[in-house]
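Have a look at the structure below, then the notes.
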Amino acid sequence: MNLFDFIAGHYDYWFIIILLAIGLYGMTVKKNLVKKLIGMTIFQAAVILFYISSAIKADATVPIIMENLPVDNPANYINPLPHALMLTAIVVGVATVGVAFALLILIYKNYKTLDENELLELMK
Amino acid sequence: MSIGVFALLLIYAAYGLPYRGDPNALVNQEISLTGTPVASSYYIENAMTDANTPNMVTTVLGDYRAFDTLGEEVVIFAAGMICFLLLNRERKREARKQ
Amino acid sequence: MKHGSSSPIILLLSRVLSPYIMLFGMYVIFHGHYSPGGGFQGGALLASSIILIRIAMEEKVHQLHFNKAYGIPLGAVGVLIFFGVGFIALIMGGHFLDYGLLPFPGIITAELRFYGILLIEVGVGLAVMTILVSIYDNLLEEDDDESI
């Protein structure tokens with residue numbers, strides 16, 4: 001329980017929390033609509049990293065069967081289930097960004113601006 | 001600002017999360033708390049005999065959970081149709097006005 | 001883009017690199033059983049090789065490479081391949097998407113699941129490639145008298 005073991009066991013959670021804070025800052029504080037969209041993409045990347053970092057085991061290798069590591073002992077390979085689920089999540093994120101850009105193009109054609117405060121004035 | 005307070009609260013909450021790669025954590029056990037076998041250990045042990053495939057992630061995505069991959073593909077197709085329907089209607093309306 | 005790039009370095013490099021990226025994308029799809037990869041990753045690589053030509057060249061040339069009218073019909077063909085494999089397994093008397101009952105002669109059950117996963121990955125790769133290229137084409141339709 002010394003300090004080095006504590007830092008080596010928890011440092012990935014701290015990086016993920018920094019990415020979460022950057023994404024949340026972009027989504028709430030910035031006024032341009034495209035910058036809000038970029039903040040959402042950074043937030044999604046942090047959530048996917050959190051799931052994948054929960055799947056590793058100590059002294060285990062990637063989930064592709066090798067000849068000298070027998071399959072009867074599941075402690076030799078890391079957990080393959082979160083990797084499969086996060087592939088689906090990445091593709092759903094790409095589809096969301098595509099539809100969001102189509103909506104942004106329609107907003108620009110109708111209101112001639114992409115700023116949040118000017119849009120709220122124009123829509124009254 | 002409030003986002004800094006949010007980040008500090010999350011770092012304080014990360015004290016209770018398990019160590020990275022701990023073999024005693026609940027995520028990495030081979031038998032669940034109620035005594036039933038866990039899905040991940042079944043996928044690791046039986047991927048080669050069921051599907052003759054060395055890659056376990058492709059077997060999970062394509063054979064054991066193929067229904068989720070089907071729903072995934074319908075999501076991509078629906079996103080393509082939405083972009084086509086939203087952005088082609090303006091062309092026809094402007095062409096009909098002139 | 002409507003007007004092609006005017007720099008000879010970009011024109012030469014995009015023409016040379018695009019077939020190799022397409023070949024690598026097909027390798028990633030068909031080796032999804034033995035190395036990391038599969039349908040979605042290979043489909044994204046194939047789409048990037050087509051979009052590279054669309055960025056660098058003018059409109060007459062890149063419509064010869066991959067016509068934009070082929071976008072959504074080929075995407076529907078990709079989804080139908082996935083559904084077709086599941087339907088054939090249902091007709092032969094099993095569950096939906098049960099690959100052990102596909103009607104290939106003389107192959108045992110474990111090999112049949114191997115070929116079932118391979119057909120699924122080809123269908124997914126085709127659908128992902130054509131839908132990503134058609135999203136790019138629809139986002140860039142613009143009038144001639146409008147400049148953003």
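What you see is a predicted model; the values in this text were computed from it and never measured. All chains are named by letter (A, B, ...) in the order of the sequence lines, taking the proteins before the strands, and each is independently numbered beginning at 1. Atom set for the values below is all heavy atoms of this structure, side chains included, hydrogens, waters and symmetry mates excluded.
Aromatic ring orientation, F24(C) versus Y27(C): parallel (interplanar angle below 30°, classes split at 30° and 60°).
One N or O on the side chain of T53(B) and one on the backbone of A51(B) form a donor-acceptor pair closer than 3.5 Å. When atom types are taken as modelled, the side chain of S14(C) and the backbone of I10(C) share a donor-acceptor pair closer than 3.5 angstrom. Side chain of N55(B) to backbone of S35(C): a donor-acceptor contact under 3.5 angstrom is found.
Heavy-atom neighbours of chain B within the stretch residues 113-134 of chain C, taken at a separation under 4.5 angstrom, comprise R113(C), F114(C), I117(C), E121(C), G123(C), V124(C), A127(C), V128(C), I131(C).
Shown are E58(C), E141(C), E59(C); of these, the salt bridge (charged side-chain N to carboxylate O under 4.0 Å, His left out) with K2(C) is made only by E59(C).
Between chain B and the residues G86(C), A76(C), G100(C), the largest count of heavy-atom pairs under 4.5 Å involves A76(C). Heavy-atom pairs under 4.5 Å with chain C peak, among T59(B), N52(B), T58(B), D63(B), at D63(B).
Other residues, nucleotides and ligands place no more than 12 heavy atoms under 6.0 Å from the CD1 atom of I31(B).
For T69(B), the parts lying under 4.5 angstrom from a heavy atom of chain C are both the backbone and the side chain.
Atom OH of Y136(C) sits about 14.0 Å away from atom SG of C83(B), to the nearest 0.5 Å.
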